[in-house]
Asks: 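Here's a structure for you.
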Amino acid sequence: MTTKKLSLGYKSLVLISLLLGIYLNLSNTKSVTALLSYYTLQSNILCLVFFSILIVLEIRGKRYKNNIYYLLKGAIIVAIAITAIVYRIALAPVGFQMDNLQSAVSNKIVADFLVHTLSPILVVLDYFLFDRKGKFKWYYPFIWIIIPSNYALYVYTYSANGGTFFSIGGSKKFGYFFLDYIELGISGVAKWLIVIFLGILMISYMLILIDKMAYKKHAHRKR
């Protein structure tokens with residue numbers, strides 16, 4: 001089997017995981033609007049759109065891996081990686097759930113696992129399995145951080161217009177406890193955001209460092 005076919009098959013697997021995770025969550029929620037307002041669903045949908053486009057391009061035999069592609073691919077990786085990391089480190093320990101998913105416990109577990117764990121892992125692995133290394137620029141993280149930064153603005157806009165969340169281990173008005181300035185105060189939220197943004201930059205530069213190391217290792221093998 002050629003690398004192109006393997007890439008297409010793998011991306012199809014990623015797409016299925018994303019679709020299933022999003023579907024299982026949305027099909028069992030009491031409020032689609034509230035669920036779609038969580039960063040988890042938004043990052044999964046973003047990846048779904050991105051991988052759908054990639055699959056179409058690969059099927060049509062288009063050459064698309066230019067600098068813009070690698071800039072966007074890095075942004076997608078960081079966006080979905082944050083979903084998994086923040087969930088495991090900060091949210092799962094406090095019993096956070098996006099919804100109580102009024103259905104079988106097994107379905108709830110599968111839905112959470114797909115959007116918070118499996119899909120993020122598959123998206124990240126796609127880069128290391130099928131993309132050229134050494135393409136990330138050192139300034140990219142300051143562009144990649146735009147997506148999570150805009151999410152905070154989205155939440156406050158959504159809340160100001162009457163939007164609410166499920167508040168299971170989180171906040172009714174702001175979804176995530178670290179965005180709740182009513183409980184934490186503006187300074188408390190600011191401290192959390194600084195920590196999170198620094199964490200995002202650290203994750204981004206770790207990705208670039210691993211990318212550069214992989215490139216050098218590959219170049220060394222060619223000698």
Asks: For the OH atom on Tyr154, are there more than 12 heavy atoms of other groups (residues, nucleotides or ligands in this structure) within a distance under 6.0 Å?
Replies: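 Buried by this count: over 12 neighbours within 6.0 Å.
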Asks: Do Ser12 and Ile55 have side-chain heavy atoms sitting under 4.5 Å apart?
Replies: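 Ser12 reaches Ile55 side chain to side chain.
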Asks: Can you find a pair of side-chain heavy atoms, one from Phe165 and one from Ser171, that are under 4.5 Å apart?
Replies: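 SC-SC contact between Phe165 and Ser171 ruled out.
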Asks: Under a 4.5 Å cut-off applied to non-hydrogen side-chain atoms, are Ile208 and Lys137 in contact?
Replies: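 A side-chain contact is absent here, since even the closest heavy-atom pair is not under 4.5 Å.
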Asks: Output yes when Glu58 and Lys4 qualify as a salt bridge under the 4.0 Å nitrogen-oxygen rule, no when they do not.
Replies: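 Salt bridge: no.
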Asks: Specify the closest pair of heavy atoms between Tyr158 and Ala34, including all atoms of both residues, with the distance to one decimal.
Replies: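 Closest approach of Tyr158 to Ala34, heavy atoms only: OH-CA, 3.5 Å.
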Asks: With the threshold set at 4.0 Å, does a side-chain nitrogen-carboxylate oxygen contact exist between Lys65 and Asp131?
Replies: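 Judged by the 4.0 Å cut-off on N to carboxylate O distance, Lys65 and Asp131 do form a salt bridge.
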Asks: Mind checking whether Ile147 and Ile194 sit in one hydrophobic cluster, side chains of I, L, V, M, F, W, Y counted as touching below 4.5 Å?
Replies: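 Cluster IDs for Ile147 and Ile194 differ.
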Asks: Enter the distance from Thr3:OG1 to Leu8:CG here, rounded to the nearest 0.5 Å.
Replies: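 Nearest 0.5 Å value for the OG1-CG distance: 12.5 Å.
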Asks: When you measure from the side chain of Asn44 to the backbone of Leu18, do you find a donor-acceptor pair of N or O atoms at a distance under 3.5 Å?
Replies: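 No: the side chain of Asn44 does not pair with the backbone of Leu18.
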Asks: Do the rings of Tyr176 and Tyr151 sit parallel, tilted or perpendicular, given the 30° and 60° boundaries?
Replies: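 Perpendicular: the ring planes of Tyr176 and Tyr151 meet at over 60°.
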Asks: Check whether any side-chain heavy atom of Phe178 sits under 4.5 Å from a side-chain heavy atom of Val86, and report yes or no.
Replies: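 The answer is yes, as the side chains (C-beta and beyond) meet within the 4.5 Å cut-off.
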Asks: Looking at the rings of Phe136 and Tyr127, which for Trp means the six-membered one, are their centres under 6.0 Å apart?
Replies: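 Yes: the rings meet the under 6.0 Å criterion.
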Asks: In the single-linkage hydrophobic clustering (I, L, V, M, F, W, Y; side-chain heavy atoms under 4.5 Å), do Ile16 and Leu46 co-cluster?
Replies: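 Looking at the clustering, Leu46 is in a separate group from Ile16.
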Asks: If Ile, Leu, Val, Met, Phe, Trp and Tyr residues are connected whenever their side-chain heavy atoms lie under 4.5 Å apart, and connections chain through other members, are Leu122 and Val49 in the same group?
Replies: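 Same cluster.
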Asks: Looking at Ser149 and Ile145, would you say the former's side chain and the latter's main chain have a donor-acceptor pair under 3.5 Å?
Replies: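 Side chain of Ser149 to backbone of Ile145: a pair is present.
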Asks: Which heavy atom in Ala111 sits nearest to a heavy atom in Asn25, and how many Å separate them?
Replies: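 In this case the closest contact between Ala111 and Asn25 is O-ND2, 3.2 Å.
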Asks: Closest heavy-atom contact between Leu41 and Ile22?
Replies: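 Of all heavy-atom pairs spanning Leu41 and Ile22, the closest is CD1-CG2, 4.0 Å.
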Asks: Look at the side chain of Gln42 and the backbone N and O of Leu36, then say whether any donor-acceptor pair between them is shorter than 3.5 Å.
Replies: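 Side chain of Gln42 to backbone of Leu36, a donor-acceptor pair under 3.5 Å: yes, one is there.
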Asks: To the nearest 0.5 Å, what is the distance between CG (Leu114) and CD1 (Ile121)?
Replies: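 Those atoms lie 11.0 Å apart.
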Asks: Find the distance between CG (Leu24) and OG1 (Thr29) and round it off to the nearest 0.5 Å.
Replies: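 OG1 of Thr29 is found 12.5 Å from CG of Leu24.
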Asks: Between Ile200 and Ile89, is there a shared hydrophobic cluster once you connect ILVMFWY residues whose side-chain heavy atoms come closer than 4.5 Å?
Replies: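 Result: no, two separate clusters.
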Asks: Would you sort out whether Leu179 and Leu184 count as a side chain to side chain contact (heavy atoms under 4.5 Å, CB included), showing the intermediate values?
Replies: CA-CA 8 Å; Leu179 293 176; Leu184 300 178; over 6 Å; no
Asks: Given the rule in the side chain to side chain contact (heavy atoms under 4.5 Å, CB included) test, do Tyr69 and Leu54 qualify, once you have shown the distances and angles that lead to the verdict?
Replies: CA-CA 10 Å; Tyr69 164 77; Leu54 295 188; 3.7 Å; yes
Asks: From Ile82 CD1 over to Ser204 OG, what is the distance, rounded to the nearest 0.5 angstrom?
Replies: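 So the CD1 of Ile82 and the OG of Ser204 are separated by 6.5 Å.
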Asks: If only atom types and distance count, is the side chain of Ser37 paired as donor or acceptor with the main-chain N or O of Thr33 below 3.5 Å?
Replies: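 Pair found, side chain donor or acceptor close to backbone of Thr33.
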Asks: Could you tell me whether a side-chain N or O of Tyr205 sits under 3.5 Å from a main-chain N or O of Trp138, the two making a donor and an acceptor?
Replies: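 Checked: pair present.
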Asks: Please report the interatomic distance CD1(Ile143) to CG(Leu71), rounded to the nearest 0.5 Å.
Replies: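 The CD1 atom of Ile143 sits 5.0 Å away from the CG atom of Leu71.
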Asks: Would you say Ile203 and Leu207 make side-chain contact, with heavy atoms under 4.5 Å?
Replies: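 No, their side chains stay 4.5 Å or more apart.
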Asks: First locate atom CG of Leu15, then atom CZ of Phe50, and finally report the distance between them rounded to the nearest 0.5 Å.
Replies: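 Rounded to the nearest 0.5 Å, the CG-CZ separation comes out at 12.5 Å.
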Asks: Under a plain distance cut-off of 3.5 Å, with no hydrogens placed, do Lys11 and Ser7 share a side-chain donor-acceptor pair?
Replies: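 Yes, because at least one side-chain N or O of Ser7 sits under 3.5 Å from a partner of the opposite role on Lys11.
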Asks: I'd like to know if the side chain of Ser159 reaches the main chain of Val155, judged simply by a donor and an acceptor atom lying under 3.5 Å from each other, with no hydrogens or angles considered.
Replies: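 The answer is no, because no donor-acceptor pair under 3.5 Å joins these two groups.
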Asks: Answer yes or no: is there an ion pair linking Asp180 with Lys173, defined by an N-O contact shorter than 4.0 Å?
Replies: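 Result for this pair is no, no salt bridge flagged.
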Asks: Taking CD1 in Ile186 as the centre, count heavy atoms belonging to other residues, nucleotides or ligands within less than 6.0 Å. Is the count above 12?
Replies: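 For Ile186, atom CD1 is not crowded (no more than 12 foreign heavy atoms under 6.0 Å).
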Asks: Going by atom types only, do Asp112 and Tyr87 share a side-chain donor-acceptor pair under 3.5 Å?
Replies: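 Checked: Asp112/Tyr87 side chains show no N/O donor-acceptor pair below 3.5 Å.
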Asks: Quick check against the 3.5 Å criterion: does Ser43 have a side-chain atom that pairs as donor or acceptor with the backbone of Tyr39?
Replies: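 A pair under 3.5 Å: yes.
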Asks: Can a side-chain donor-acceptor contact be found between Thr40 and His116 if the only test is distance below 3.5 angstrom?
Replies: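 Note: His116 and Thr40 side chains meet the donor-acceptor criterion.
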Asks: Working note: Tyr156 + Phe174, criterion ring-ring contact (aromatic ring centres under 6.0 Å, His included); need CA distance, chi angles, decisive distance, verdict.
Replies: CA-CA 7 Å; Tyr156 291 129; Phe174 308 106; 5.6 Å; yes
Asks: Are Phe130 and Leu6 side-chain neighbours, meaning at least one heavy-atom pair lies under 4.5 Å?
Replies: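 With C-beta onward as the side chain, the pair touches.
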Asks: Is it possible for you to say whether Leu48 and Ile53 belong to one hydrophobic cluster, with membership spreading through side-chain heavy-atom contacts below 4.5 Å?
Replies: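 Leu48 clusters together with Ile53.
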Asks: Measure the shortest side-chain to side-chain distance between Leu35 and Lys30 over non-hydrogen atoms and say whether it is less than 4.5 angstrom.
Replies: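 Contact flag for Leu35/Lys30 side chains = no.
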Asks: Heavy-atom count around Lys191 NZ within 6.0 Å, excluding the residue itself: above 12?
Replies: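 Count not over threshold, so no.
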Asks: Do any N or O atoms from the side chain of Lys133 and from the backbone of Phe128 form a donor-acceptor pair under 3.5 angstrom?
Replies: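 Judged by distance alone, yes, a pair lies under 3.5 Å.
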Asks: A side-chain contact here means heavy atoms from C-beta on lying under 4.5 Å apart; do Asp126 and Leu129 qualify?
Replies: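 Side chain of Asp126 against side chain of Leu129, heavy atoms only: no contact under 4.5 Å found.
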Asks: So does Arg132 get a backbone contact from the side chain of Tyr70, meaning a donor-acceptor N/O pair under 3.5 Å?
Replies: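 It does hold such a pair.
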Asks: Could you go step by step and tell me if Tyr181 and Ser187 meet the side chain to side chain contact (heavy atoms under 4.5 Å, CB included) rule?
Replies: CA-CA 8 Å; Tyr181 60 79; Ser187 62; over 6 Å; no
